[in-house]
Amino acid sequence: MTFFDSYLLHNMGTNVYEKCKTYDAFGFVAKKKAEGKIRSVGMSFHDMPELLDEILSEYGEMLDFIQLQINYMDWEQPNVQSRRCLEIARRYGKPVTVMEPCKGGTLVNLPKEAEALLKAERPEASNASWAFRFAASQEGVARVLSGMNAMEQVEDNTETFLHFEPITEKEQKVIEKVTEIIEQNTPVPCTGCAYCTHGCPKDIAIPQYFALFNSIARTTGSFSSHNAYYNNISLKHGKAGDCIGCGQCEKACPQHLPIRRYLKDVAEQFETGAAFPTRA
């Protein structure tokens with residue numbers, strides 16, 4: 001009998017989840033698994049930890065694994081929250097398949113100062129190997145996916161996992177410094193405190209949108225899930241383009257950022273499909 005080893009419910013987020021409930025997608029995969037046509041059922045997830053908790057609470061028994069975006073840049077980022085999502089998957093006993101461990105190439109093509117820190121610690125190790133080792137070192141991770149387009153990348157990734165060494169405490173400190181350097185090279189210096197959102201008449205998810213905007217500025221690879229995250233967040237919050245310019249967000253911002261101006265950039269990027277804007 002022909003069967004799927006693994007069957008994935010793709011790009012689960014607020015919008016897709018509602019469609020899955022409407023068309024009983026979870027019931028469909030459960031039936032096919034009972035018929036022996038699917039060996040393992042999973043879902044790839046692009047949304048907030050609260051929704052992941054909701055889905056696993058309702059349909060967790062039908063899922064054998066979760067595919068999550070996990071890398072050291074997104075570990076605490078408000079628009080992805082890799083750490084919290086992984087903790088929730090672990091709480092429900094779901095092994096995790098990692099996607100975007102190098103964040104679309106961002107963690108391969110690092111700022112020179114950041115790369116120097118990694119080379120000082122492990123001179124022979126590639127930037128990619130640091131990203132893979134970070135992801136694979138996390139409790140609950142079963143496998144790490146990689147997009148490769150050259151034999152050298154295949155060989156490097158194979159070497160990393162053939163002689164796998166978990167990230168040490170010392171190396172974790174180095175990664176934290178690298179993360180700080182990358183974050184300093186971002187167009188919107190938002191700290192994610194969310195004071196700006198209190199009382200926003202349009203309930204705009206300002207810090208999350210800024211984190212996505214900054215992430216696009218850092219991304220060097222060809223694949224990106226930024227639009228998926230933006231669309232999912234905007235289903236529960238106002239879009240950046242909904243801003244009415246009242247200015248209460250700027251009064252509340254400890255960093256005194258020109259939030260209204262940045263929101264226009266975010267709207268231009270995600271709502272009109274324009275090229276990434278630059279500002280002096």
Side-chain angles (χ1 to χ4, degrees), residues 4-14 16-17 20 25-26 29-30 33 38-108 128-148 157-158 160-162 164-168 171-172 175-176 179 208 211-212 215 219 221 223-226 228-229 232-233:
F4 290 97
D5 285 315
S6 297
Y7 190 98
L8 193 70
L9 294 171
H10 179 60
N11 191 22
M12 191 67 65
T14 302
V16 173
Y17 180 46
C20 284
F26 291 98
V29 294
K33 184 178 179 182
I38 297 174
R39 293 285 180 88
S40 179
V41 176
M43 70 174 186
S44 57
F45 185 78
H46 289 288
D47 212 305
M48 297 296 99
E50 293 77 14
L51 181 62
L52 179 60
D53 197 0
E54 178 184 335
I55 295 172
L56 291 180
S57 175
E58 187 70 24
Y59 298 103
E61 291 184 1
M62 301 179 183
L63 296 169
D64 300 301
F65 69 94
I66 310 295
Q67 186 168 304
L68 295 175
Q69 181 170 322
I70 295 178
N71 57 70
Y72 62 77
M73 275 305 303
D74 288 328
W75 195 237
E76 301 291 354
Q77 286 295 314
N79 59 298
V80 180
Q81 300 184 54
S82 293
R83 178 184 58 80
R84 286 190 60 204
C85 286
L86 178 58
E87 288 174 353
I88 290 169
R90 205 162 56 226
R91 176 153 50 87
Y92 284 91
K94 303 301 176 185
V96 168
T97 295
V98 172
M99 56 180 162
E100 294 222 46
C102 290
K103 197 171 174 62
T106 301
L107 304 184
V108 176
S129 70
W130 279 84
F132 285 117
R133 289 177 57 232
F134 174 87
S137 295
Q138 307 308 319
E139 183 184 352
V141 168
R143 62 184 62 86
V144 180
L145 304 181
S146 172
M148 298 168 282
N157 292 353
T158 302
T160 297
F161 285 97
L162 275 176
F164 183 74
E165 298 177 41
I167 291 291
T168 66
E171 289 174 330
Q172 179 62 37
I175 287 175
E176 290 170 6
T179 302
Q208 290 169 299
L212 279 170
S215 185
T219 298
F223 173 76
S224 168
S225 57
H226 302 100
Y229 275 104
N232 286 329
I233 294 169

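Keep in mind it's a predicted model, so treat the numbers as computed, not measured.
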Specify the closest pair of heavy atoms between [X] and [Y], including all atoms of both residues, with the distance to one decimal.
X: L51; Y: Y17; value: CD1-CD2, 3.7 Å
X: P49; Y: I88; value: O-CD1, 3.2 Å
X: T97; Y: R143; value: OG1-NH1, 3.0 Å
X: I66; Y: A89; value: CG1-CB, 4.5 Å
X: Y72; Y: A131; value: CE2-CA, 4.1 Å

Could you state the interatomic distance from [atom1] ([X]) to [atom2] ([Y]), rounded to the nearest 0.5 Å?
X: Y59; Y: M12; atom1: OH; atom2: CE; value: 9.5 Å
X: L9; Y: Q67; atom1: CG; atom2: CD; value: 11.5 Å
X: D74; Y: R83; atom1: CG; atom2: CZ; value: 13.0 Å
X: L8; Y: S40; atom1: CG; atom2: OG; value: 9.5 Å
X: L68; Y: L86; atom1: CG; atom2: CG; value: 6.5 Å
X: I167; Y: F132; atom1: CD1; atom2: CZ; value: 12.5 Å

- According to the ring-ring contact (aromatic ring centres under 6.0 Å, His included) rule, which pairs have a member within residues 75-103, sequence neighbours left out?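 Only W75-F134 qualify under ring-ring contact (aromatic ring centres under 6.0 Å, His included).
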
One thing to verify: whether [Y] and [X] come together as a salt bridge, which I'm taking to mean a side-chain N less than 4.0 angstrom from a carboxylate O.
X: R91; Y: E87; value: no
X: D64; Y: R39; value: no
X: E171; Y: R133; value: yes

- Item | Donor-acceptor under 3.5 Å (S82 side chain, Q69 main chain) |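 Yes.
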
- Task: Carefully, step by step, assess F26 and I55 under the rule side-chain contact (heavy atoms from CB on, under 4.5 Å).
- Result: CA-CA 10 Å; F26 291 98; I55 295 172; 4.1 Å; yes

- Does the pair M43 and L52 meet the rule for a side-chain contact (heavy atoms from CB on, under 4.5 Å), with working shown? CA-CA 10 Å; M43 70 174 186; L52 179 60; 3.5 Å; yes

Pairing donors with acceptors under 3.5 angstrom, does anything connect the side chains of [X] and [Y]?
X: S146; Y: N157; value: yes
X: S44; Y: N11; value: no
X: E100; Y: N71; value: no

- Task: Apply side-chain contact (heavy atoms from CB on, under 4.5 Å) to the pair N232 and H46, showing each step before the final yes or no.
- Result: CA-CA 8 Å; N232 286 329; H46 289 288; 4.2 Å; yes

- Where does the angle between the aromatic ring planes of F164 and F161 fall among parallel (under 30°), tilted (30 to 60°) and perpendicular (over 60°)?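 Because their plane-to-plane angle is under 30°, the rings of F164 and F161 count as parallel.
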
- Item | Pair W130-L107, side-chain contact (heavy atoms from CB on, under 4.5 Å): steps then yes or no | CA-CA 9 Å; W130 279 84; L107 304 184; over 6 Å; no

